[in-house]
Amino acid sequence: MRLRAKLFRGLGDLSRLRVLEALRDGPLSAGEIVTRTGLSQPNASMHLACLAECGLVTWERHGKFVHYEITDKRVVKLLDHAEDLLLEVGPLIEACPRYRRPTRAGQRARTKRR
């Protein structure tokens with residue numbers, strides 16, 4: 001279960017999901033990923049490195065360009081299943097108070113209590 005939780009924690013990052021969504025139709029260069037995701041180049045590189053270290057993305061150098069690709073098509077299927085599930089439970093997840101991001105004030109309050 002811990003390994004599964006770690007996988008979903010990794011997939012729970014909005015930037016990494018943007019990268020995976022950009023790659024779902026096939027390989028892209030780092031520059032194309034930056035363009036499609038709206039991430040900065042350093043930020044995209046950091047998330048690509050994370051996804052590669054976890055085995056979800058592979059990369060290959062083509063001349064001066066590096067192209068990235070989703071390693072296993074089951075990742076794409078997982079994204080598809082998540083989308084299907086969200087069609088049914090998305091409004092409930094959106095309304096769930098436990099899934100909301102903490103406000104900065106809430107973060108400061110927790111930090112002071114520690």
Side-chain angles (χ1 to χ4, degrees):
M1 283 295 205
R2 285 189 183 134
L3 191 55
R4 189 179 301 172
K6 197 171 184 179
L7 169 67
F8 282 109
R9 188 170 59 242
L11 294 174
D13 183 271
L14 182 59
S15 295
R16 284 192 288 277
L17 279 176
R18 284 181 176 154
V19 169
L20 291 172
E21 284 293 330
L23 291 170
R24 72 183 305 151
D25 293 327
L28 295 172
S29 70
E32 290 169 320
I33 292 168
V34 166
T35 300
R36 291 189 185 192
T37 62
L39 299 172
S40 68
Q41 191 280 325
N43 196 290
S45 291
M46 178 189 68
H47 289 294
L48 284 161
C50 175
L51 290 165
E53 288 172 6
C54 293
L56 298 175
V57 168
T58 59
W59 60 273
E60 190 174 307
R61 184 168 293 283
H62 296 279
K64 64 179 184 172
F65 298 101
V66 176
H67 285 83
Y68 295 87
E69 183 174 14
I70 292 176
T71 304
D72 190 318
K73 294 305 174 193
R74 289 178 291 181
V75 174
V76 175
K77 287 182 182 179
L78 182 60
L79 295 173
D80 290 341
H81 287 304
E83 197 62 39
D84 290 343
L85 181 60
L86 286 172
L87 290 173
E88 293 179 36
V89 298
L92 297 172
I93 291 174
E94 182 69 36
C96 181
R98 294 178 186 267
Y99 285 179
R100 289 199 183 116
R101 284 186 163 228
T103 63
R104 292 209 183 260
Q107 288 173 338
R108 284 191 298 267
R110 277 196 302 279
T111 304
K112 286 181 183 179
R113 281 186 251 152
R114 291 182 185 167

Side chain to side chain donor-acceptor pair (under 3.5 Å) partners of residues 3-17, not counting sequence neighbours, each pair once: Arg16-His47

Inter-residue atom distance Lys77.NZ - Asp84.CG, 0.5 Å rounding: 13.0 Å

Value rounded to 0.5 Å, distance of CG in Leu56 from CG in Leu23: 11.0 Å

Joint hydrophobic cluster, Val34 plus Ile70, side-chain heavy atoms closer than 4.5 Å: no

Same apolar cluster (I L V M F W Y, side chains within < 4.5 Å links), Leu78/Leu86: no

Joint hydrophobic cluster, Leu85 plus Leu20, side-chain heavy atoms closer than 4.5 Å: no

Interatomic distance, Asn43 atom CG to Leu48 atom CG [nearest 0.5 angstrom]: 9.5 Å

Residue Leu87 excluded, over 12 heavy atoms near CG under 6.0 Å: yes

Hydrophobic cluster identity match, Met46 and Val19, side-chain contacts under 4.5 Å: no

4.5 Å side-chain heavy-atom contact, Leu79 and Leu11: no

Tyr68/Ile33 under side chain to side chain contact (heavy atoms under 4.5 Å, CB included): CA gap, chis, key distance, verdict: CA-CA 9 Å; Tyr68 295 87; Ile33 292 168; 3.9 Å; yes

Qualifying salt bridge (charged side-chain N to carboxylate O under 4.0 Å, His left out) pairs with a residue from residues 46-74, counting only residues at least two apart or across chains: Asp72-Arg74

Under 3.5 Å: donor-acceptor pair, side chain of Thr37, backbone of Arg18: no

